[in-house]
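For ligands, and for the atoms within them, numbers begin at 1 and follow the listed sequence.
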Amino acid sequence: MPRRPTHPLAEAVSARNSPSVSKPALKPDSKPAAMPTLPPSPDAPTALLGNLTPSQFMHHYWQKKPLLIRQAIPGVQAPLSRDELFELADQDEVEARLITHFRNKWQLEHGPFAPDELPSLKQRAWTLLVQGVDLHDDRARALLDRFRFVPDARLDDLMISYASDRGGVGPHFDSYDVFLLQVKGKRRWRISAQKDLTLQAGLPLKVLQNFEPEEEWVLEPGDMLYLPPHIAHDGIAEGECMTCSIGFRAPSASELTAQFLYHLAERGESAGKTSALYSDPKQPAVERPAELPAALVERVGAILARIRWNEQDIASFLGTYLSEPKPSVVFDPPQRPLNEARFAGEASKTGLRLDRKTNLLYDRRFFFVNGEEIAWNGARKWLFDFANQRCMSAKRFVTLSHDSSVTALLHEWYCAGWIQVGELA
Ligand code: SIN
Ligand code: CO
């Protein structure tokens, strides 16, 4: 029998039953948004979070405890159909994994998968996981955008899983926060705050050796489960189903250290500060050539001790590092780009939006777009709005285009495939 804690491990809320607002703050996701989906404002109760405000959610649950939200997105539609997901899994640049649990044996294969490489739909107990769907589809990106009450710097991707009856990835834990949104069919989730996170040895995937579920629910389309890191969980499909995972990124201290030092070294090199070669005019002849000279250690120590950085170096590093597109990302520049005048003419009629793959962050002094740093001046306040809203109205563009440097910059981004003219189709 599963152990039942005195307090339920996950609190359950329902957008339907809450008396706090008379109607959900978000519309059902019945068709793609005409413009990028704006996140709920921090202090507005939202159905997405069971009629909590994003501020309340962040304060009480984020990184702290699970939350089950019934009807987070009433009437939700899967951003991609099953066949569209399978098509995506067949593409080279898409990260796809197939997990099977046939005859009690876990197996993992990496994509791409041609349609005939996937098990039959009638076969039970298999799952296809497709990572980074937001990079390939505007509907998936729009769904991810609903979660932008968490800073973009922390948002990772939207993964979609398709499972045949009884499919799942086994009981496991993740090191990152995740929202698990059921978009098609039903899935039974069991979770546990157990301390024992020992994994079964010799398996191709992370499966817990001793899973002791404490809570369980069947999620239907529109229901969502939030899990902070390290909560053990197991989701098993009841009939075929699809689940969207909104995942977050949290770089480890060692990754940050290594990348920051690399950033400093590159910066120093481009400023010509670190290119001087090590020299040792006083090195005597040695009897024991294999021995590391103590003077060498001392001199390199002195070089390293000269490394200095300030807060702006940290912000520059984080902005460029976190806005860097994933290695698989390739932008699609327009095949026959409009010249600057025609681009301005079109944008004046239809506005602009960031390409779904574009990362645009900023701090007090710089903008960071797809890994590049741009110094800004006071006149660039519009870039804040563009970064936050991921779109710019035609009216705003008309006003801004009086400054030819703005049009030139936006035209450059358009030619690189970083922004698109017009609204979403
Ligand atoms: C799934 O969608 O099947 C797995 C997601 C997860 O457990 O993190
Ligand atoms: Co998981």
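The side chain of Arg187, and not its backbone, has at least one atom closer than 4.0 Å to an atom of ligand 1 (non-hydrogen atoms only; side chain from C-beta on). Under 4.0 angstrom from ligand 1, there are no non-hydrogen atoms of Val178.
Cation-pi geometry between Lys381 and Phe384 is not met: the NZ or CZ atom fails to fall both under 6.0 Å from the ring centre and inside 45° of the normal.
Using a 4.0 Å cut-off between charged nitrogen and carboxylate oxygen, Glu214 and Arg190 do not count as a salt-bridge pair. Between Arg396 and Asp385 there is a salt bridge, with a side-chain nitrogen of the basic residue lying less than 4.0 Å from a carboxylate oxygen of the acidic one.
Shortest distance from the Co ion (ligand 2) to His233 is reached at NE2 (N/O/S atoms only).
Given atom 4 (C) of ligand 1, the protein heavy atom at minimum distance is Val169 CG2, 4.0 Å.
Within the listing of ligand 1, atoms 7 (O) sit less than 4.0 angstrom from a heavy atom of Trp189. Annotation for ligand 1: atoms under 4.0 Å from non-hydrogen atoms of Ser245 are 5 (C). For ligand 1, the atoms sitting less than 4.0 Å from at least one non-hydrogen atom of His172 are 6 (C), 7 (O), 8 (O), numbered in the order shown with element in parentheses. Close contacts of ligand 1 with Ser161, meaning ligand atoms under 4.0 Å from a residue heavy atom, involve 1 (C), 2 (O), 3 (O). Each of the following atoms of ligand 1 lies closer than 4.0 Å to a heavy atom of His233: 6 (C), 7 (O), 8 (O).
Inspection of the Gln131 and Asp157 side chains reveals an N or O donor paired with an N or O acceptor under 3.5 Å. In summary, the side chains of Asp196 and Thr198 do present a donor paired with an acceptor at a separation below 3.5 Å, with no hydrogens or angles considered. Residues Ser192 and Glu212 have side chains that never bring a donor and an acceptor to within less than 3.5 angstrom of each other.
Seen from the Co ion (ligand 2), atom OD2 of Asp174 and atom NE2 of His172 lie 110° apart in angle, a value rounded to 10°.
The aromatic rings of Phe149 and Phe147 sit tilted, their planes meeting at an angle between 30° and 60°. Using a 30° and 60° split on the angle between ring planes, His233 and Trp189 fall in the tilted class, from 30° to 60°.
Remark: distances from the non-hydrogen atoms of Asp234 to ligand 1 are all 4.0 Å or more. In this structure, Asp174 has a heavy atom closer than 4.0 Å to ligand 1.
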